[in-house]
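Labels below follow one simple rule: chain letters A, B, ... track the order of the sequence lines, proteins then strands, and each chain is numbered from 1. Hydrogens, waters and symmetry mates play no part in the numbers below; they use all other heavy atoms, side chains included.
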Number of protein chains: 2
Amino acid sequence: MANAAIHKDNLIQSAMRLFRRQGYASSGLQQILAESGAPKGSLYHYFPGGKEALAEAAVTHAGRMVAEMLAALAKKHRTPEAFLFAYCRQMAAWMEESDFRSGCPIATTLLETTPASPAITAAGERVIDGWIDVISGVLARGGGTSREARSRAQTIIAAVEGSLILARVRRSTKPILDVAALLEPKPGARPKAARAAARGRRSSAQRPEG
Amino acid sequence: MANAAIHKDNLIQSAMRLFRRQGYASSGLQQILAESGAPKGSLYHYFPGGKEALAEAAVTHAGRMVAEMLAALAKKHRTPEAFLFAYCRQMAAWMEESDFRSGCPIATTLLETTPASPAITAAGERVIDGWIDVISGVLARGGGTSREARSRAQTIIAAVEGSLILARVRRSTKPILDVAALLEPKPGARPKAARAAARGRRSSAQRPEG
DNA sequence: CGTGCTATATAGACCAGTCGTCATAATATC
DNA sequence: GATATTATGACGACTGGTCTATATAGCACG
């Protein structure tokens with residue numbers, strides 16, 4: 001790969017990592033540049049819109065990685081229950097791998113910049129729509145209308161997103177795993193499995209940088 | 001009230017408002033000072049720990065206000081279902097009042113500073129524990145163990161927190177109200193009431209600044 | 001009431017960091 | 001070699017958070 005493509009990609013990767021861990025505003029360009037190894041002027045060359053454009057790219061990229069992870073799980077797990085459980089387990093594994101320092105790769109940036117930055121906001125909305133697409137596809141296997149599946153998918157995403165905040169603050173994966181236990185369509189199933197997962201099982205899926 | 005107490009309180013109020021809307025790092029002290037009317041040097045007088053100490057106070061204060069709102073709803077609504085519905089309706093009303101510019105009064109700050117700032121992180125954890133206390137108290141009315149009630153309360157908070165993110169990005173209260181519809185202990189109840197609430201009913205409860 | 005002392009509050013200097021610009025340098029192409 | 005395209009680092013205006021000498025307020029005493 002030529003330097004050009006490396007620089008641009010490294011900038012996005014570093015931005016993803018830093019925005020995820022500490023947010024958008026406190027991730028200064030100098031820090032991003034130092035971590036990515038890209039020259040300063042190149043940043044504006046590749047991202048003429050500046051920091052905001054870089055964030056838009058980072059949100060888009062990180063969101064796509066999560067969507068791909070979700071799609072892989074959707075392929076592997078046929079039932080909504082199994083899928084939801086695997087989703088939560090994956091998020092818990094990432095959380096542990098980051099030593100409880102990183103959560104959702106786009107939430108912090110979105111909270112800081114919505115609606116003040118229309119570009120970042122729109123990128124976030126597209127990303128979330130993509131996630132809803134995948135998850136509602138899985139839920140639709142369990143029956144119900146497309147509208148219901150999308151509502152439910154949205155609530156699942158909300159619950160997982162919120163549980164990532166709690167997991168970081170409380171330094172525990174329990175909030176994440178509890179989502180699977182309490183949100184599954186058939187109340188009461190799998191308490192034992194949720195407890196087993198809390199004992200540190202890892203996943204080898206590629207994670208968004210963080 | 002003397003100027004002293006006014007300045008300190010105004011600083012906290014302004015910090016709460018700005019942190020909620022745009023996050024911690026992008027809320028500069030100059031902006032907080034301008035909005036609060038407090039003299040610059042007073043900030044360090046009242047908050048010797050500087051910006052971080054101000055954020056800790058803002059998180060504590062905002063969290064307490066939410067806890068009081070939750071306690072009021074818990075008093076007013078006897079069943080877990082009615083409580084959850086009222087909680088979501090209240091959050092949706094605040095969201096609309098802020099024109100989708102503010103969500104949870106502590107989440108953004110926590111995401112930016114956890115675990116890098118132990119003080120803010122600990123304040124956030126205390127706040128969340130307080131919320132769990134109130135909500136699990138309500139849930140316990142519906143039966144089940146104290147442990148179950150706390151797990152469920154935590155998941156409810158997670159779902160609501162996550163739904164606030166989605167509501168902001170998607171500029172819609174639907175994610176918030178869907179939480180009530182999909183998380184209530186008795187699946188299938190109140191679809192009609194959820195739709196009626198989405199039509200703009202307002203609450204007069206005092207909201208955290210935002 | 002005036003004075004002196006102590007406690008509380010503040011204005012502004014300080015220095016480091018922020019982001020964006022653009023003339024220039026480097027590279028690619030013919 | 002000349003020209004076009006791509007990439008870059010120095011610069012500058014501005015903002016960031018912190019600190020401290022100074023100002024102000026409160027209180028006790030004669």
Side-chain angles (χ1 to χ4, degrees), chain A residues 1-19 21-59 108-109 112-113 116-120 123, chain B residues 1-59 108-109 111-114 116-121 123:
Chain A
M1 202 190 285
N3 271 0
I6 288 182
H7 286 329
K8 185 175 183 181
D9 189 58
N10 282 348
L11 281 165
I12 296 176
Q13 297 293 328
S14 294
M16 281 164 48
R17 189 161 34 233
L18 291 165
F19 292 162
R21 179 167 304 182
Q22 58 197 36
Y24 174 72
S26 64
S27 302
L29 293 180
Q30 294 293 355
Q31 192 180 11
I32 294 169
L33 290 164
E35 190 167 306
S36 67
K40 175 101 187 267
S42 297
L43 191 152
Y44 291 90
H45 176 71
Y46 299 129
F47 302 98
K51 191 178 184 183
E52 183 182 8
L54 175 61
E56 182 187 349
V59 164
T108 313
T109 302
E112 290 178 76
T113 60
S117 162
I120 301 177
Chain B
M1 200 189 290
N3 270 0
I6 288 183
H7 286 328
K8 185 174 183 182
D9 191 58
N10 282 348
L11 280 165
I12 297 177
Q13 297 293 328
S14 295
M16 280 164 48
R17 189 161 34 231
L18 290 166
F19 292 163
R20 187 187 194 187
R21 181 167 304 183
Q22 58 196 38
Y24 175 73
S26 65
S27 301
L29 293 180
Q30 296 292 356
Q31 192 179 10
I32 293 170
L33 290 163
E35 190 166 306
S36 67
K40 181 143 189 215
S42 296
L43 194 153
Y44 289 89
H45 176 69
Y46 299 130
F47 301 99
K51 191 179 186 184
E52 183 182 10
L54 175 62
E56 182 186 351
V59 165
T108 313
T109 302
L111 282 174
E112 290 178 76
T113 59
T114 298
S117 162
I120 301 177
T121 303

Starting at the 5' end of DNA chain C and moving along, which residue's nearest nucleotide shows up first, B:G41 or A:G50? B:G41
Expressed in angstrom and rounded to an integer, what is the separation of [X] atom [atom1] from [N] atom [atom2]?
X     : N      : atom1 : atom2 : value
B:H45 : D:dA21 : NE2   : C1'   : 16 Å
A:F47 : C:dT21 : CZ    : C1'   : 18 Å
B:Y46 : C:dT8  : OH    : P     : 11 Å
A:L54 : C:dG20 : CG    : P     : 10 Å
B:L43 : D:dT18 : CG    : P     : 9 Å

From the list C:dT8, D:dA7, C:dA13, which nucleotide is the closest neighbour of the side chain of B:K40? C:dA13
Closest nucleotide among C:dA9, D:dT6, D:dG9 to the A:P39 side chain: D:dG9
Which value, rounded to the nearest 0.5 Å, describes the distance between A:L11 atom CG and A:F47 atom CZ? 5.5 Å
Kindly compute the distance separating NZ (A:K51) from OH (A:Y24), expressed to the nearest 0.5 Å. 5.5 Å
OP1, OP2 of C:dG20 versus side-chain N and O of A:Y44: anything below 4.0 Å? yes
Distance below 4.0 Å between B:K51 side-chain N/O and D:dG17 OP1 or OP2: yes
Grab the two heavy atoms, one from B:F19 and one from B:A58, that are nearest each other, plus how far apart they are. CD1-CB, 4.1 Å
Taking every non-hydrogen atom, the tightest pair across B:T108 and A:E112: CG2-CG, 3.9 Å
Mind running a 4.0 Å heavy-atom check of residues 23-38 of chain B against DNA chain C and sending the residues that fall below it, in number order? none
Please set out all donor-acceptor pairs under 3.5 angstrom arising from side-chain atoms of residues 27-37 of chain B, sequence neighbours excluded.
unit_1	atom_1	unit_2	atom_2	d
B:S27	OG	B:L18	O	3.3
B:S27	OG	B:Q22	NE2	3.4
B:S27	OG	B:G23	O	2.6
B:Q31	OE1	B:Q22	NE2	2.9
B:E35	OE2	B:R17	NE	2.5
B:E35	OE2	B:R17	NH2	3.2
B:S36	OG	B:I32	O	3.0
B:S36	OG	B:L33	O	3.3
B:S36	OG	B:A38	N	3.3

Let's go through B:E52 and B:S117 carefully: what are the C-alpha distance in whole Å and the side-chain angles of both, what is the deciding distance for side-chain hydrogen bond (donor to acceptor under 3.5 Å, both in side chains) to 0.1 Å, and is it a yes or a no? CA-CA 8 Å; B:E52 183 182 10; B:S117 162; 2.5 Å; yes
